[in-house]
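Below is one structure, written out as structure tokens, with a few remarks after it.
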Amino acid sequence: MKDQTTLIIGANSDIAKSLAVEVIKTEQSHLMVITRDSHFYQQEQFNNSDIFLVADYQESTIQKIVTDLNKQLTAPLSQVFICHGLLHSEQVTPEKRLQSLTENAFNEVMTANALTPILWIKNLIPTFKHRLNQKQACKIVVFSARVGSISDNQIGGWYSYRASKAALNMLIKSAAVEFSRTVKNVKLISFHPGTTDTPLSKPFQKNVPEHKLFSSEFVALQLLEIVKNTNIDGEASFVDWQGKTIPW
Ligand SMILES: NC(=O)c1ccc[n+]([C@@H]2O[C@H](COP(=O)([O-])OP(=O)(O)OC[C@H]3O[C@@H](n4cnc5c(N)ncnc54)[C@H](OP(=O)(O)O)[C@@H]3O)[C@@H](O)[C@H]2O)c1
């Protein structure tokens with residue numbers, strides 16, 4: 001009997017796919033995913049999952065999808081994973097020097113990494129407060145990165161990506177303060193997966209020792225265990241794949 005729902009947003013991320021594969025193995029949790037590319041989820045193993053395909057992540061799209069999702073929700077949300085992350089693309093290259101920073105790339109990275117995740121959380125607030133969820137604790141994980149730690153920044157560079165993850169962390173911290181008064185059954189977790197072998201890290205894996213380059217399957221299992229063992233305490237946490245706290 002599926003009495004809980006896991007929601008994975010930005011589900012075409014390699015780590016998200018590994019999370020999804022683990023979640024559908026469980027008896028307890030129904031799976032809902034949201035992505036711009038649903039090819040992976042057309043496999044038979046996801047026949048009982050709800051797949052929401054979006055064209056973009058503008059707020060009007062987010063609002064529409066949340067409305068549709070609420071109509072289909074039969075078991076309360078217990079875990080939400082928000083996996084958006086943009087480090088490089090045809091238009092974006094992580095900056096080694098400040099001179100490389102451009103307005104367009106900065107705005108694109110900030111939108112994907114900080115604004116879009118918090119817009120999902122904002123629009124899901126009524127869902128967390130809904131009667132289905134009143135007694136159900138829900139853990140929300142946003143994918144951050146250690147380079148978003150302001151106190152840990154020793155080597156600089158990657159201006160836009162660092163700033164976007166630092167901004168995401170601050171948004172999560174502030175939301176946790178508000179939620180401790182208003183949405184008490186929710187825990188917010190900023191998660192650093194470690195360097196993981198995915199398209200996002202591909203161009204930057206050269207100097208990473210083999211034992212420090214994780215598979216997405218390993219990271220997904222670590223994260224599910226961390227989420228299971230994390231209590232609802234009214235505070236935001238910033239943790240790595242071992243569950244170790246990272247300074248903000
Ligand atoms: N891999 C690493 O070494 C590493 C290290 C530290 C932190 N992280 C973080 O972990 C998370 C997952 O990354 P991954 O390695 O699994 O990456 P990935 O496989 O490249 O997945 C990229 C993700 O970002 C979303 N995305 C890409 N461009 C976007 C845009 N312009 N607007 C909104 N969403 C966009 C994709 O959503 P769709 O499903 O819609 O395509 C997908 O969820 C990211 O937040 C990343 O920053 C990764």
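Order of listing sets the numbers, starting from 1, for every ligand and every atom in it.
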- Just checking, any donor-acceptor pair under 3.5 angstrom between side chains of E235 and S180? no
- Identify, with sequence neighbours excluded, every residue that meets ring-ring contact (aromatic ring centres under 6.0 Å, His included) alongside Y159. none
- All side-chain contact (heavy atoms from CB on, under 4.5 Å) counterparts of K212, not counting sequence neighbours: V208, P209
- Message: Give me each pair satisfying ring pair (Phe, Tyr, Trp, His ring centres under 6.0 Å) with a member in residues 178-208, each pair once, sequence neighbours excluded.
- Response: H88-F204, F143-F191, W158-F204
- Side-chain donor-acceptor pair present, T198, D14, cut-off under 3.5 Å: no
- Query: Is it true that the side chains of Q136 and D3 contain a donor and an acceptor less than 3.5 Å apart?
  - Reply: no
- With a 4.0 angstrom cut-off on heavy atoms, strictly below it, pick out the residues next to ligand 1 and order them by chain and number. G10, A11, N12, S13, D14, I15, T35, R36, Y57, C83, H84, G85, A112, F143, S144, A145, Y161, K165, H192, P193, G194, T195, T196, T198, P199, L200, S201
